*Asks:* 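This structure is in structure tokens; I'll ask about it shortly.
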Amino acid sequence: MGKSQSHIDIDSINFEQQRERVNNLLEQRSKRFGEFDHSLRQKTGVFGIFKRKKDMQKSIDILREIVLTDNDIFLETKKLLYIKENESDRKENLASAYDKQISGYMHTITKLQTENEKLRNQINDLESKQRNRHRTILLLVIIILALSFTLYLRMKPHKPKNLTQE
């Protein structure tokens, strides 16, 4: 994420620098347009009534500078839009990659949950079988003990009981 973040930060810095260039060019254009407007009103001819060729040439030169500045503005604006478009595309690709990662994680989690459920069922089955074995063994031990006790009682020599003795 650090690499992506620094790339986005660099793009943001480039965008801001480019935006500032465009704004500076717009300020220059506005300033030159003011100069052009002033040069149109300027008349240095006879008694300030007429425009001289020099006045006209000055106005044309200022207008030419405005057109050149407009061309620069268009180029710089195009670069600005390109930077913004690349930033948007990168963010879109990054979001798409994150979506794929999240989907992969969700699939893995679902798979692990299913496997976990299977293992729990197997453990429950094994515990159930083990309880049944323990019950069977306990029952067999009880039966063997009962049979042993019965055999012992039958094999034991009987002493005659003396009923008359006190």
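What you are looking at is a predicted structure, and each value in this text was computed from that prediction instead of being measured.
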*Asks:* Does Ser30 reach the main-chain N or O of Glu27 with its side chain, forming a donor-acceptor pair under 3.5 Å?
*Replies:*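 No, Ser30 side chain to Glu27 backbone: no donor-acceptor pair under 3.5 Å.
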*Asks:* Regarding Gln57 and Asp61, is there a side-chain donor-to-acceptor distance under 3.5 Å anywhere?
*Replies:*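 Indeed, the side chains of Gln57 and Asp61 share at least one donor-acceptor pair under 3.5 Å.
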*Asks:* Taking CD in Glu16 as the centre, count heavy atoms belonging to other residues, nucleotides or ligands within less than 6.0 Å. Is the count above 12?
*Replies:*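 Check passes, neighbour count above 12.
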*Asks:* Measure the spacing between NZ of Lys129 and OG1 of Thr136 and express it to the nearest 0.5 Å.
*Replies:* 13.5 Å
*Asks:* Kindly give the heavy-atom pair with the smallest separation between Ile62 and Glu35, and that separation in Å.
*Replies:* CD1-O, 3.8 Å
*Asks:* Between Leu145 and Val141, is any pair of side-chain heavy atoms under 4.5 Å apart?
*Replies:*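 Heavy-atom side-chain distance check passes, below 4.5 Å.
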*Asks:* Around Phe33, counting heavy atoms of other residues, nucleotides and ligands shown, do more than 12 lie under 6.0 Å from its CZ?
*Replies:* no
*Asks:* From the options Asn71, Ile73, Val67, select the one residue that forms a side-chain contact (heavy atoms from CB on, under 4.5 Å) with Thr69.
*Replies:*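 Checked Asn71, Ile73, Val67 against Thr69; only one passes side-chain contact (heavy atoms from CB on, under 4.5 Å): Ile73.
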*Asks:* Charged N to carboxylate O under 4.0 angstrom, Lys91 versus Glu87?
*Replies:* yes
*Asks:* Does Ser128 form a side chain to side chain contact (heavy atoms under 4.5 Å, CB included) with Asn132? I'd like the steps, not just the answer.
*Replies:* CA-CA 6 Å; Ser128 176; Asn132 288 339; 4.2 Å; yes
*Asks:* If you group Ile, Leu, Val, Met, Phe, Trp and Tyr by side-chain heavy-atom gaps below 4.5 Å, do Leu139 and Leu147 land in one group?
*Replies:* yes
*Asks:* So Leu68 and Glu65, side chain to side chain contact (heavy atoms under 4.5 Å, CB included) or not? Walk me through it.
*Replies:* CA-CA 5 Å; Leu68 291 175; Glu65 287 178 20; 5.5 Å; no
*Asks:* Atom OG1 in Thr150, atom CG in Leu153: separation rounded to 0.5 Å?
*Replies:* 6.5 Å
*Asks:* So do Arg21 and Gln18 actually touch side chain to side chain, heavy atoms under 4.5 Å?
*Replies:* yes
*Asks:* Side chains of Thr114 and Glu117: does their closest heavy-atom pair fall under 4.5 Å?
*Replies:* no
*Asks:* Do Leu26 and Ile66 sit in the same hydrophobic cluster, where Ile, Leu, Val, Met, Phe, Trp and Tyr count as joined when their side-chain heavy atoms come under 4.5 Å apart?
*Replies:*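 No, separate clusters.
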*Asks:* For the CD1 atom of Ile102 and the NZ atom of Lys100, what is their distance to the nearest 0.5 Å?
*Replies:*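 These two atoms lie 13.0 Å from each other.
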*Asks:* Go through Asn116 and Leu112 one step at a time and tell me if the side chain to side chain contact (heavy atoms under 4.5 Å, CB included) criterion holds.
*Replies:* CA-CA 6 Å; Asn116 191 20; Leu112 289 173; over 6 Å; no
*Asks:* Just how far is it from atom CZ of Arg64 to atom CZ of Arg32, taken to the nearest 0.5 Å?
*Replies:*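 Here the interatomic distance stands at 11.0 Å.
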*Asks:* For the CG atom of Leu126 and the CG atom of Leu119, what is their distance to the nearest 0.5 Å?
*Replies:*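 Here the rounded value is 10.5 Å.
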*Asks:* Nearest 0.5 Å, please: how far is CD in Gln130 from CD1 in Ile123?
*Replies:*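 The distance works out to 12.0 Å.
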